[in-house]
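Worksheet: the structure to be examined is printed underneath.
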Amino acid sequence: MTINEIQDQIIEEFAQFGDWMERYEYLIDLGRSLGPFDERHKTPEYLIEGCQSKVWLYPSFEEGIITFTADSDALITRGIVALLVRVFSGRTPAEIVDARIYFIEKIGLRENLSPTRSNGLLAMMKQMRLYALAYKTKQEHS
Amino acid sequence: MKLAKSIEEIRSDFPILSTKAYGKPLVYLDNGATTQKPLQVIKLLEELYRTTNANVHRGVHYLSDMVSERYEAARETVRAFINAGAREEIIFTAGTTASINAVAFSFGERYVREGDEIVISGMEHHANIVPWQMLCERKKAKLKVIPFSDAGVLDLEAYRSLLSERTRIVAVTHVSNVLGTINPVKEIVAEAHRHGIPVLIDGAQGIQHGMVDVTDFDCDFYVFSGHKVYGPNGIGVLYGKAEVLNELPPYQGGGDMVANVTFEKTTYNVLPFKFEAGTTNFTGAIGLAAALDYISLLGREAVTEREQALLARATTGLSAIEGLRIYGTAPQKVSLISFLPGAIHQYDAGMILDKMGIAVRTGTHCAQPLMGRYGITGNIRASIAFYNTEDEVDALVKGVRKVTEMFA
């Protein structure tokens with residue numbers, strides 16, 4: 001599936017929820033089921049510090065594919081982190097660099113990515129792109 | 001004591017309280033961050049710009065006289081509200097932060113030398129920490145911190161032992177913005193004065209909750225912001241005893257603070273103008289006075305009494321929720337309550353409460369060292385004003401219950 005196909009899939013999943021409460025309950029479930037994050041990577045290097053919640057993001061790059069694992073200390077943030085990992089992990093650097101993210105807005109979570117929220121999510125997205133750019137540059141020069 | 005107006009009348013004075021958030025009635029419990037403004041202030045600001053706008057103290061013309069008069073009348077209103085001895089002891093600034101920075105700079109330049117000490121408390125917000133740290137860095141002075149108990153009560157024994165012949169100033173908050181603790185400022189001041197040390201009291205969270213009497217406190221400085229006491233943004237007050245302020249150098253140069261300017265030498269104006277360089281926020285000052293008048297009209301004791309009743313209701317309601325911890329259980333508290341429901345992250349709880357239309361503050365409340373003291377990354381703060389209702393307090397309790405169910 002392409003990045004956009006996954007985004008559309010997420011939008012479809014959220015469309016079945018009647019109200020905000022169900023959406024947030026689903027996010028909480030997603031947060032709970034997010035894959036494990038290696039505690040050894042909970043270091044300042046991989047920490048994206050927000051004022052409200054913290055996010056850890058760990059990239060690895062093998063055979064042209066970037067894999068992200070991530071975590072957050074707040075459960076709803078973790079739920080959104082899970083969605084971002086689902087969209088961005090297992091992609092080539094070029095796919096990530098060229099991606100246009102629209103699902104957050106479509107599922108009514110735009111305020112969670114506002115720069116004033118300072119929950120680490122916007123910075124996390126930027127960081128994912130930065131990693132992708134770095135790997136892309138590395139690829140082009142190797 | 002009864003408020004001079006009914007709660008319905010009061011609420012209609014604050015139009016913003018009828019806001020709908022996500023289609024639900026807004027429950028505004030973030031008054032510690034900023035308070036809402038009554039129509040008496042809102043209309044006044046509009047009226048000032050419409051009818052009375054000119055620069056203060058600078059013209060001989062009709063409008064300038066009018067606005068200067070009202071500006072000085074505002075100063076008198078502030079003086080009376082905090083019971084200062086003289087009108088020139090009231091300096092208008094941009095707010096609490098600006099006031100503390102002014103003192104830290106001006107006082108620091110005059111009195112603080114290498115090896116000197118400055119005493120603050122462990123429950124200060126960043127505005128009463130960082131300016132003193134910056135001063136310490138400039139002068140190679142040391143910052144000493146008064147510890148406090150789990151309940152949120154300052155350790156006065158430790159405070160006494162921190163005072164030494166190297167202590168130049170004590171800067172302590174009147175009310176903790178996280179714990180709600182009302183500190184025994186009179187005692188703190190008296191103790192410092194025994195050693196001849198001046199005291200600054202940070203009134204950012206004290207001014208809106210009841211009795212501030214700087215003559216009774218005998219503090220050397222008292223600072224606060226207008227926006228936290230139902231007044232406009234960008235205006236604040238630095239109260240200083242005249243004999244203390246007279247000894248301090250000005251911290252900003254410009255118009256109005258001078259007596260004579262030549263390129264060789266400038267002499268400074270007298271108090272309060274010495275500390276009011278440039279065009280001041282005169283609309284803000286006049287608006288602030290209107291806000292203080294509004295509180296006085298309602299009855300200050302009645303305001304405190306109502307807030308205490310709402311605090312008791314919130315404390316009882318929240319305490320009944322299993323696993324919920326309240327931070328700050330001092331015997332003397334203002335109407336704010338910080339808490340965490342079990343292991344639920346404050347940001348998660350805040351987001352759900354927000355969706356219910358309930359506005360609370362989540363995070364560190366600009367008091368990171370205090371959070372560190374409790375070993376937490378933040379908490380939730382509900383801060384109550386007299387215009388809040390019993391129903392709103394109940395909505396908060398119900399909302400927090402719902403949050404605990406969702407994250408169970």
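With a 4.5 angstrom heavy-atom cutoff, A:Leu75 touches chain B via backbone and side-chain atoms both. In this structure, the portions of B:Ile352 lying under 4.5 Å from any heavy atom of chain A include both its backbone and its side chain. For B:Met406, the parts lying under 4.5 angstrom from a heavy atom of chain A are both the backbone and the side chain.
Residue A:Arg78 holds its CZ atom at 12.0 Å from NE2 of B:His345, rounded to the nearest 0.5 Å. A:Met21 contributes atom CE, which lies 4.5 Å from atom CE of B:Met356 (distance to the nearest 0.5 angstrom).
Annotation for A:Arg32 and B:Ala408: closest pair NH2-O, 3.5 Å, computed over non-hydrogen atoms. Shortest non-hydrogen contact noted between A:Ile76 and B:Asp348 is N-OD1, 2.6 Å.
Summarising the local packing, CD of A:Glu140 is surrounded by more than 12 heavy atoms from other residues, nucleotides or ligands at distances under 6.0 Å. The neighbour count for B:Glu322 CD, taken as heavy atoms of other residues, nucleotides or ligands under 6.0 Å away, does not exceed 12. Counting heavy-atom neighbours within 6.0 Å of A:Lys106 NZ, excluding the residue itself, gives a total of 12 or less. Remark: A:Glu13 CD is packed, more than 12 non-hydrogen atoms of other residues, nucleotides or ligands lying under 6.0 Å away. Sparse packing is recorded around CD of A:Glu105, with 12 or fewer heavy atoms of other residues, nucleotides or ligands lying under 6.0 Å away. Atom NZ of B:Lys24 is surrounded by more than 12 heavy atoms from other residues, nucleotides or ligands within 6.0 Å.
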